[in-house]
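Report on the structure given below.
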Amino acid sequence: MPPPVVSFDLDGVIMRGPFASAVRPRIWEHLSRSAGLAHLAAEEREREVWQAVRSEHDRRLHGHNNVAAWDWQAIYDEVSRGFGGQPVPDLATIVRESCQVDDAIGLLPGAWLGLQRLTSAGVRLIATTNGYRLFQWPVLQKLGVADLFATVITPDEAGFAKPDPRIFGLVPGLIAHVGDLLLHDVLGANLAGLQAIWLDADLPATFHDSTPLARPCAPDFKAYLSQTLEASRYRRFHPEATLELVTPIAVVRDVDEAATVVLDSIGLWTMSSN
């Protein structure tokens, strides 16, 4: 019998990547020097850059060009041209350099232990991320977890981006996906017929005493889920996402809790198949 396969999102689940702390500040500094922003004060330039980057990202999502929506090199290049700026430096190089900066990246709590437990149990791990490979693989390598994953599925290579369920169909035997975004991870996993495990590091304390499988059934959970769904900045791009389609089979606070859910589920699945 082939080993069970479980998929993980990366940013916000396994790791803290370098974009917020080290990559974006360098890109923002470059874009702020554009000719079209020279007449503005520093604070206004930063606000204009943020708005332009987000608008270009959203324009691609609105046009259902979901793969291109995560091509940050192309997005930054487009924004720079719009401001009359110079070509943006190679983003992959900046990511690799940022991985060497102290505290720019890190494993999230429970990630190492959870991945090790799954690997030791014979579970085959893959990563399914909307980040491009050039921006994700160097981080996994630097954090020392790249070898734990059999493969990394990225939009630039797959031709699909979450929540498109086709991105989950590229690996045979996949049974579950763990991710932190309702409208990318949970929606996509449910549409693909997988066990959707929602990692919510900010889960309110009122749910902490319940088990991960019991949390989606808790009296106040539907209200919390609905509030989180409607607050997502990606909500307007996914009007098809009903509350049912973003309801996970389990809610966990970290990867170690997710590992327990997966291992228990595999045990039940094994017993039922014998």
Side-chain angles (χ1 to χ4, degrees), residues 4-14 108-111 113-118 121 123-130 162-165 167-169 171 173-274:
V5 185
V6 176
S7 167
F8 283 88
D9 183 33
L10 292 178
D11 294 296
V13 174
I14 301 295
L108 294 178
L113 179 58
L115 294 177
Q116 287 289 342
R117 289 174 60 208
L118 290 169
V123 178
R124 185 168 178 255
L125 305 180
I126 70 167
T128 307
T129 171
N130 278 353
K162 296 178 295 185
D164 191 326
I167 198 170
F168 294 108
V171 177
L174 186 61
I175 62 171
H177 174 70
V178 182
D180 65 324
L181 295 182
L182 291 178
L183 287 168
H184 293 163
D185 299 294
V186 177
L187 175 61
N190 280 334
L191 290 174
L194 304 174
Q195 293 183 6
I197 301 174
W198 181 29
L199 192 155
D200 183 7
D202 298 319
L203 185 70
T206 185
F207 302 113
H208 289 186
D209 291 339
S210 301
T211 66
L213 289 172
R215 286 166 182 161
C217 303
D220 297 330
F221 183 76
K222 287 296 184 184
Y224 172 63
L225 188 71
S226 177
Q227 180 183 23
T228 305
L229 171 64
E230 298 306 326
S232 170
R233 68 173 306 269
Y234 294 110
R235 180 64 170 118
R236 67 187 184 275
F237 302 113
H238 298 287
E240 78 282 8
T242 62
L243 201 59
E244 180 182 4
L245 281 175
V246 297
T247 298
I249 191 174
V251 182
V252 299
R253 298 167 63 193
D254 59 32
V255 171
D256 192 37
E257 269 198 342
T260 297
V261 173
V262 169
L263 292 173
D264 288 348
S265 176
I266 289 171
L268 293 172
W269 176 80
T270 301
M271 286 189 291
S272 66
S273 64
N274 288 335

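Computed from a predicted structure; not experimentally measured. Quick note: numbers below take in every heavy atom, side chains included, and nothing from hydrogens, waters or symmetry partners.
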- request: Start with the C-alpha distance between I14 and V255, add both sets of side-chain angles, then the distance that settles side-chain contact (heavy atoms from CB on, under 4.5 Å), and finish with yes or no.
  value: CA-CA 7 Å; I14 301 295; V255 171; 3.8 Å; yes
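- Looking at every heavy atom in both residues, L118 comes nearest to A259 through CG-CB, 3.8 Å.
- Taking OG1 from T206 and CZ from R215, the interatomic distance works out to 11.0 Å, rounded to the nearest 0.5 Å.
- Closest of all the heavy-atom pairs between P109 and D254 is O-CB, 3.2 Å.
- Counting heavy atoms from C-beta on, the side chains of V251 and P216 come closer than 4.5 Å.
- A heavy-atom distance below 4.5 Å is found between the side chains of I167 and T128.
- Note on ring orientation: taking the six-membered ring where Trp is involved, the planes of F207 and Y224 are tilted (angle from 30° to 60°).
- For the atom pair CG (L229) and CG (L183), the distance works out to 5.5 Å, reported to the nearest 0.5 Å.
- Relative ring orientation between H184 and Y234 is described as tilted, the plane-to-plane angle lying within the 30° to 60° band.
- Note that CD of E240 and CG of L245 are 8.0 Å apart. Values are rounded to the nearest 0.5 Å.
- Of all heavy-atom pairs spanning D180 and D185, the tightest one is N-OD2, 3.2 Å.
- Counting all heavy atoms, side chain and backbone alike, P248 lies closest to V186 at N-CG1, 4.0 Å.
- For the pair L203 and H208, the minimum side-chain heavy-atom distance is below 4.5 Å.
- Remark: L125 CG to S7 OG distance equals 9.5 Å, nearest 0.5 Å.
- Using a 4.5 Å cut-off on side-chain heavy atoms (C-beta onward), D9 and K162 make contact.
- To the nearest 0.5 Å, the span separating CD on E257 from OG1 on T211 amounts to 9.0 Å.
- Other residues, nucleotides and ligands place no more than 12 heavy atoms under 6.0 Å from the CD atom of E244.
- Considering all non-hydrogen atoms of both residues, V261 and P212 come closest at CG2-CB, 3.5 Å.
- With a 4.5 Å cut-off on side-chain heavy atoms, L108 and V13 do not count as touching.
- Heavy atoms only, all atoms of each residue included: V6 and V123 are closest at CG2-CG1, 3.7 Å.
- A side-chain donor-acceptor contact under 3.5 Å links R235 to the backbone of H238.
- With rounding to the nearest 0.5 Å, the separation of CG in L187 from OG in S232 is 10.5 Å.
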